Amino acid sequence: MKKLVILGAGTAGTMMASHLIKKLKKSDWEITIVDQYKTHYYQPGFLFLPFDTYKPEDVKKSIDEFIPKGVKLIREKIDFIDKDSDTVVLENGTKLTYDILILATGTKTAPGEVQGMLGDYWYKTIFDFYTFEGALALRDKLRDWKGGKLVIHITEMPIKCPVAPLEFAFLADTFFINKGIRDKVDITYVTPLSGAFTKEKCTTALTYLLKDKNIKIVPDFAVEHIDGENGKIVDYGGEEVPFDLLVTIPTNMGDDLMSRSGIGDDMNYVPTDKNTLQTKVKENIFALGDCTNVPASKAGSVAHFQAEILTENILLYIEGKELKPDFDGHANCFIETGHGKALLIDFNYEYEPVSGKFPFAGIGPLNLLTESRLNHWGKLAFRWVYWNMLLPARKLPFITPKMSKAGKNFD
Amino acid sequence: MEKVYAGQTVSVDKEGYLTDLAQWNKDIAIEIGKEVGINELTDKHFEVLAYLQDQQRKEVALSIRGVGKSGIVDIKQLYELFPKGPLKFSSKMAGIPKPKSCI
Ligand SMILES: Cc1cc2nc3c(=O)[nH]c(=O)nc-3n(C[C@H](O)[C@H](O)[C@H](O)COP(=O)(O)OP(=O)(O)OC[C@H]3O[C@@H](n4cnc5c(N)ncnc54)[C@H](O)[C@@H]3O)c2cc1C
């Protein structure tokens, strides 16, 4: 009996388990998946928790519910990978040997990386919303915040769901308008990038959103430390941005397990072939989702496209055939813009987000790069799609892993 | 696209990054430096540029954090050497592609 081990039972690991149990012969392969926690969070829902749009119970379910029958789930922290002996060692000392290993341990926030972020002001005037706890603490704060300087801040790239901070800024604008205190709130968006939208076409198409909503932007800002006592963030060049309430996206890093195993880069991401998803660590180790260093967006939609392609490549690897370089960096993201509207963007390694229709050429019904109510409903419907279609690896009709060029305007 | 730096024609992408590292020389770095507002290049600048080129040849993805751990400069010094665009400007001056940062 051969062994396939999946590390991490979040979005990517669960999808891989669902795909592979359908494809691998039960008499030949034993599939095991390992995760430290009991709860599977629907992370895109963290955006809506602070505004009381989603309740905590809307974004969490038990991990066990989504592990397909026939796959063995081990609940334990992973200590390290010994690639030379094809063994994974768990914190309780258990050793798992494998023929094939799939890494899907994701990325998480590391607020300890910036001086002054963690400490007396954490969850008092400084918050994140990339964790369940952070999103809830921020909800409680916003419930009776009377206004002042709100700063939304990205510490450094890459981060998962790179559009979420912008969405937060847009939703905050709507939230304070609805509360009747928008005139008492000064919103500033601070980013280490040269603009809110780094891709040229997006910038041209979307800069009006910030202007219309009266959101100031401070670009090229690389935070050196946070002064919680005096309420300001300070960059390496000495520039200061004052805040009463700071919503920051801390540094994102892969799990420490990668550095303990000697296989991560300086952010604990795993060097991986950007087209085949085979790691550069060893040929029987593959990776997908947020834990890789591939230059695609760290997003659930990307993990979903990768899962389909990696499943095929695992089957080819087992047959001793050449892997297909099929992953093109495809990402497909809704961007909430407030007031019940959203945008949709579709892009890959090669092409910037384009305008046009999705998923049907000329018909849509979704418009790319244009705000609409339908897109917003699409985003909200996505929660159902996530639990019921993506995690069990049911095929989404009409949506292909590779970016389709039909119906889109390239020039 | 082509551009002339220090009397030499080099090929660049639409954002002005050199597309062929073999065409690079120190005079080109000095001229690009002037374009981005860095008027005087010290040995330290060139040490950083050489490190970046080396990483590029090894196909290691660049990050500010990585340069900070290189042993050549810490992050603060990197910002002092290349104000406002430490990785963007240094990469441009080193003649290597613009570091990827997804939207
Ligand atoms: C606020 C927010 C909004 C988002 N919005 C969107 C969106 O609109 N659209 C979209 O496509 N994506 C969105 N995302 C991103 C999406 O949630 C992630 O990209 C996706 O979950 C990545 O899947 P993953 O499996 O790689 O990692 P995860 O889902 O994070 O799973 C990793 C798993 O590995 C486990 N693990 C890690 N290390 C260990 C260890 N040492 N031992 C045991 N277990 C371990 C963890 O416990 C976890 O369960 C959003 C994310 C956030 C935070």
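Below, chain A is the first sequence line, B the second, and so on; all start at residue 1. Bear in mind that the values here come from a model prediction, so they are computed numbers and not experimental data.
Atom NZ of B:Lys84 is separated from atom CG of A:Asp235 by 5.5 Å, given to the nearest 0.5 angstrom.
Summarising the local packing, CG of B:Asp43 is surrounded by 12 or fewer heavy atoms from other residues, nucleotides or ligands at distances under 6.0 Å. Counting heavy-atom neighbours within 6.0 Å of A:Gln115 CD, excluding the residue itself, gives a total of 12 or less.
Partners of B:Asp54 according to the salt bridge (Lys or Arg N to Asp or Glu O under 4.0 Å) rule, which considers only residues two or more places apart in sequence or in another chain, are B:Lys58.
With a threshold of 4.5 angstrom between heavy atoms, A:Asp265 does not approach chain B through any atom at all. No part of A:Ala331 comes within reach of chain B, as not one of its non-hydrogen atoms sits under 4.5 angstrom from that chain.
Taking 4.5 Å as the limit, every side-chain heavy atom of A:Glu224 sits out of range of all side-chain heavy atoms of B:Ile75.
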Report all side-chain donor-acceptor pairs from residues 59-69 of chain B shorter than 3.5 Å, counting only partners two or more places apart or in another chain.
| from | atom 1 | to | atom 2 | distance (Å) |
| --- | --- | --- | --- | --- |
| B:Ser63 | OG | A:Asp266 | OD2 | 3.3 |
| B:Ser63 | OG | B:Gly66 | N | 2.9 |
| B:Arg65 | NH1 | A:Glu113 | OE1 | 2.7 |
| B:Arg65 | NH2 | A:Glu156 | OE2 | 2.5 |

